[in-house]
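Remember, it's 1-based here, ligands and their atoms both numbered in the order they're listed.
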Amino acid sequence: MSKTYSFPKDFLWGGATAANQLEGAYNEDGKGLSTMDLLTGGDHQTPRRITRQIEDNTPYPNHMAVDHYHHYKEDVKLFAEMGFKTYRFSIAWSRIYPNGLESEPNEKGLEFYDNLIAELKKYHIEPLVTISHFENPIGLTQEFNAWASRKMIPQYVKFAKTVIKRYHKDVKYWLTFNEINMLAKPLGAYMGGGMYLGDSEVFNNTEEDSTQLRYQALHYQFLASAEIVDWAHHYDSSLKMGCMMAYRMIYPLTSHPDDVRYAQYMTEINNFYCGDVQVKGKYPYFAQKFWNDHNLKLDITDDDLKLLQKGKVDFYTFSYYQSSTVTVTQDDAEKAAGNFFNGVKNPYVERSAWGWEIDPVGLRTALNQIYERYEIPLMVVENGLGAADQLVEKDGQYTVEDDYRIDYLHDHIVEMAKAIDDGVNLVGYTPWGCIDLVSASTGEMTKRYGFIYVDKNDDGTGTYNRYKKKSFNWYKNVIANNAIDD
Ligand code: BG6
């Protein structure tokens, strides 16, 4: 017999996006170039390239993205029709400080978000703002290699104070950095850190990778986050400041004690290293050994450690797309796919067309794992299935019959409900790319996550019209019922 799971009364259902993957209008109304404006298109097999300036005849998918900048009213109306209670979006730093170094913000850039937020409020949708989602003005990268330098902290603080002061009456929930722990991964160096690691133009180049630089940059981001969290708490006590992790639910491939210990170690380094700093305000006990083992010499002062204590977040948010399986005992285990995480194939789960492992139960386990460590409110702010959708005509309307997406989301929502039943304080859910947008890792449009289809192809052609997929009405019902059947 089927069971119905109800969600708490004020549960924040919604969706999530990021400015550089959504807005387009990369050089309009005074916007400066961001790091993501210099990332070329790629695909499943071809990595994106980082170029030092805009090259002729080269595709840059983020320049136009899905043109939300000119469609935001239509997009928000569709979100409202689905019944969104919240909407997570990010602010393009280079719209506000085009080069990064200016002392005065770009008024036109601020006005865009005034208008977007007003539109959301019109439909009683609670904004959830990511201050920095995988981009910074390229000027800061050119000036001091972005987060490789301590000088980045006051630049971030200036930007964050500007937007918090401007929007705090309407925006109560803020996330300081998207997936901060991804900065510890090679792919995160440019995206999360805005850093050039060497001369190579290939995104995710592991040959020129530098663990020293990435962990140093991470420390500077921790400081920037702590400074703004502390400041915001004093500036307006009604504000809720959160962190955001790419949560990696890690399993040992076998019950061999060495595999089990390795899975525990990987959980500590991938998840708790950053989570502890942002939630507990201090580096975890295992950090020193990690630094020693990797020969890292980090610039961390006593004042820094005091600041981290002052900048503890109020809530913990994370993305969850897949689990990850690791081993040190099975040399021949086949590698699994993912954007940031590398593990081996789990024999018990299915995979998406992009090879990402599909594991709804892993979300319940992750929610319990996080909550038992931190005991603060949690939100799942990214989750979803990247798939190649086919637009079809049905009853005179264009749509996508995305039952595969409905199945994926259904199963994850059921597991969230079970976690709430377990006692986890989960307060919101914003699935990723609620409207189709540019893939971060590959630059494709073909890899779609949305409830809303955007008619744009990988080569940039298309009408940019919006169409409701089958999952649109399905999600609308879930929100209206505030419940799901298993
Ligand atoms: C997360 C990022 O890592 O994964 C998003 O926060 C990204 O920006 C999402 O788009 C999905 O990854 P991808 O590579 O499929 O776009």
Pick whichever of E135, E444, E382 has a heavy atom sitting closest to atom 6 (O) of ligand 1. E382

Taking only non-hydrogen atoms of Y321 and a 4.0 Å limit, the atoms of ligand 1 in range are 4 (O), 9 (C), 11 (C)

Region of W432 that comes within reach of ligand 1 [heavy atoms, distance under 4.0 Å]: side chain

Might you point out which heavy atoms bring S149 and F144 nearest each other, and give the distance in Å? CB-O, 3.4 Å

Using a 4.0 Å cut-off to any heavy atom of K447, which atoms of ligand 1 qualify? 13 (P), 15 (O)

H133 and W432: aromatic ring centres closer than 6.0 Å? yes

Nitrogen or oxygen atoms of Q21 and ligand 1 under 3.5 Å apart: yes

For ligand 1, is there an atom lying under 4.0 Å from some heavy atom of M182? no

Side chain, backbone, both or neither: which part of S441 has a heavy atom under 4.0 Å from ligand 1? both

Quick one about Y429 and N383 (side-chain donor to acceptor, distance below 3.5 Å, no hydrogens or angles considered), yes or no? yes

Those atoms of ligand 1 less than 4.0 Å from some heavy atom in N178: 6 (O)

Under 3.5 Å between any N/O of A440 and any N/O of ligand 1: does that happen in this structure? yes

Quick note on ligand 1: atoms under 4.0 Å from a heavy atom of S439 include exactly 13 (P), 14 (O), 15 (O), 16 (O)

For Q212, what residues pass the side-chain contact (heavy atoms from CB on, under 4.5 Å) criterion, not counting sequence neighbours? S210, Q216, L296, K297, L298

Heavy atom of W356 under 4.0 Å from ligand 1? yes

Aromatic ring proximity, centroids under 6.0 angstrom, F177 and Y156: yes

Across all chains, not counting sequence neighbours, the side-chain contact (heavy atoms from CB on, under 4.5 Å) partners of V427 are P377, M379, N425

Report yes if the side chains of P431 and F451 come closer than 4.5 Å at any heavy-atom pair, otherwise no. yes

Do R448 and D402 sit within salt-bridge range, that is, some charged N less than 4.0 Å from a carboxylate O? no

